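What you see is a predicted model; the values in this text were computed from it and never measured. Numbered from 1 within each chain, the chains take letters A, B, ... in sequence-line order.
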Number of protein chains: 2
Amino acid sequence: MTRRVFVGGIVTSKGISELQVIEHGILGVDANGIIAFVEDLGKREIDAAAYLQKRGWVQDTEVVQLEDGSFVCPGFIDTHTANTGRGMQLQLLDWLEELTFPEESKFQDVAYAKAMYASAVDRYLRSGTTTACIYATLHLEATKALADICHARGFRAFVGRCQMDRNAPPTCVETNANESCEHTVQLIHHCQALAGDEEAPLVQPILTPRFAISCSSELLAGIGELAKAYPDLLLQTHICENEREIETTRDLFPERSSYADVYDHYGLLNERMILAHAIHLSDAEIHLLLERQCGLSHCPTSNMNLNSGLFRLMDLAKRGIKIGLGSDISGGYAVGMLPVLREASTITRVLAMQDPAQKPATLEALYFFATLGGAQVCGLEKRVGMLAPGYEFDALVVHTRSRANEAPVNPSLFVHEQEPLASLFEKWLFCGDDRNIATVFVRGRLVSGAVPRRA
Amino acid sequence: MTRRVFVGGIVTSKGISELQVIEHGILGVDANGIIAFVEDLGKREIDAAAYLQKRGWVQDTEVVQLEDGSFVCPGFIDTHTANTGRGMQLQLLDWLEELTFPEESKFQDVAYAKAMYASAVDRYLRSGTTTACIYATLHLEATKALADICHARGFRAFVGRCQMDRNAPPTCVETNANESCEHTVQLIHHCQALAGDEEAPLVQPILTPRFAISCSSELLAGIGELAKAYPDLLLQTHICENEREIETTRDLFPERSSYADVYDHYGLLNERMILAHAIHLSDAEIHLLLERQCGLSHCPTSNMNLNSGLFRLMDLAKRGIKIGLGSDISGGYAVGMLPVLREASTITRVLAMQDPAQKPATLEALYFFATLGGAQVCGLEKRVGMLAPGYEFDALVVHTRSRANEAPVNPSLFVHEQEPLASLFEKWLFCGDDRNIATVFVRGRLVSGAVPRRA
């Protein structure tokens, strides 16, 4: 790759209450896709050419002059997702039974799976998601195909083969816990082969017991062994999404003190674990998750869609738990993190209306959860989620303004002449959509859209 | 206009719990834009040509064959809207002060107003809104210009000149109640002249006291007189949106028993009144509004954005109050009713999670509020909001499927081969956007998009 420099608006989260907004900045990406510098040119009172000259970035350097109303910002991190679905009338367990399991069983057909996954990865990228933690199905070949597709498209993805050996229709369960773990090892080897000698491959396997209800003790123990055997792999599963699910789990594991304790008992809770939903955690469970340094994936569109409950986002963040956002397609209804971030906002507002001790999530916090917070959950917070020197360039170019005499690209996003960047950014988060995302990069590579016209 | 016939999917609300879904139907629109027939061809087991032959609709008839995955449905009715804004951190009164009033004062400049309104009307139509109740500003010339734009574009609109004579910055108040009413009469005459001898003009003025806080007793009394003098005109205002607003109203009108009673006292509550928000109504107020047969405009995106509260949609509908949805741009953040309908769904789900006596709004109910319910609020329920013989053809052609080998038009809407129409419709409501709206008609006239290719 050639080096690439962006001159114009730059927006990045720097933490849960810090958003950096540079009206006129310069950002350089080296030939390895790593950010070399981010500077506020307005503050330095020098122009881009002089700055690049001084740094020696003149040859083999493509300079992208961002138009007025455009900016670069980190890509979104989706910490919990699968494939598209529907079913707003149902609650979790019925929804699994009636809609999800029948759809999943189709992934037995590798050709079907390939078509679905290729479309899904394309739609994630177009929507500005640069990293995703994905639940595939139990099918080994289909899941390998998903890893291949992510690899080919340059999508940063944690690809999980969903392990489950009970409480689902015959086409959706594995009959043998050992064989299930063996298949997961094969997926791990497949991903290792894909990565070749790359030190930090974009596509990684992730250990994925579906949830306690659909895993026998033997299977959970087996996955616990895998977690020990592969100490670099992330893990993901579901917890405390829905009251009936919690009761059923309690009935299945009467000897364990809580839902979280089931996972802990089998060695699944550590700083690499991503727990989705976590709406109805008890205080003891919160303590345990804090102690084990687990991360949470908050899936607001799904939680509302399936009537699961209200996640106490700001409260749990304040207690120090790592939290990212998840689209939870198919429990949620939208690909891309903008609708998810908006629904997360709504839920914190509802909680704050009803309890003065709770605070609505600020814009800074919402964008943090959708980027850097997600990176923390995935153990990537030193690599992505922020635009800063040394970080990998997983980023979007966003256009908020249409060219003169053009209709606005989307009818809800309407910006004025010379509107400050902070305001454009806010409007995009709340009124924008994927149409405003002109370009998507993962580790400096163009993965969707086109590089804006050059200076 | 020539007669136009649509052959293919047809979806329409028929009531709060009834959605009519015709997989393969035929709908005819006569030369006046009135629906002549809607039939389920699947049930009748005859083909479209034979049906048209039998009806004598052969000459001067354009037949539009809807593609697989496409359907016609009623346009959206937005019962409360103004112009675009932002300001998620604020509550109502601060938001008015800091963001809304400064923006409104710019409409003194008629050229600015024309540009803003032309863009807004275009964006409403593109988003599938075929009828809107609009709060303009207090500026007579700008408001006339809005009426002209709606008339020229064929938008069905109730255009309100916002009357207010106190408690706002000097550029945002009128200094004389009589003169304020005189200006409104001039707007009425302007709209009458626009309509010419049309019996039921698309563009109508609507009496619009901003809200009790910004209207003196004299002004409210004057508007009450206008309501008597023009017994065909609708009225619109705000009520019980926010607790500080309610307290302030109580302080300003200590002699009145409630916020609703203020309006009632001045002769403003009747079956033509549309009250926006109505979140914190007392039981006595609900009784009064029922007695007066007022309609409500529920604005969920605005209510969440400004932290106003949770409107009890299904509860109030059950009690028999007419209810429509409103985007409340600028309190809300999105043009078009799809995001509004989704937020309305979320709020009913929150209420149902917390109180088993409450029920989440069904899909049938949500679409009803966005179409026929809104028509009831506007007194248009015999004319629009439904696809049925005798109704005016205010309608959309929606595409959910992309043509072969094309990327989906929006990344969140992903449909399968041969998916039933009911499922396509559900996915569009929850995952679709304006990109799926290919064509928009008001009273049979094409107002946005293009008529699908002909058979």
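For the residue pair B/S412 and A/V335, the shortest heavy atom distance occurs at OG-N, 2.8 Å. What you find for B/P411 and A/R126 is that their closest heavy atoms are CD-NH2, 3.8 Å. Here the shortest heavy-atom pairing between B/N307 and A/R349 reads OD1-NH1, 3.0 Å.
Residue B/E343 holds its CD atom at 9.0 Å from CE of A/M304, rounded to the nearest 0.5 Å. The structure places CD1 of B/I329 at 7.0 Å from SG of A/C431, a figure rounded to the nearest 0.5 Å. The structure places OG1 of A/T301 at 11.0 Å from CZ of B/R342, a figure rounded to the nearest 0.5 Å.
Here A/G309 is the residue among A/G309, A/P339, A/G336, A/S127 with the most heavy-atom pairs under 4.5 Å with chain B.
Heavy-atom distances place the side chain of A/P360, and not its backbone, under 4.5 Å from chain B.
Annotation for A/K114: atom NZ does not count as buried by contact number, only 12 or fewer foreign heavy atoms lying within 6.0 Å. Residue B/Q354 qualifies as enclosed at atom CD: its count of foreign heavy atoms under 6.0 Å is above 12.
Taking the side chain as every heavy atom from C-beta outward, B/N410 and A/R435 never approach each other to under 4.5 Å. When side chains are defined from C-beta on, A/H416 counts as touching B/E103, because their heavy atoms get closer than 4.5 Å.
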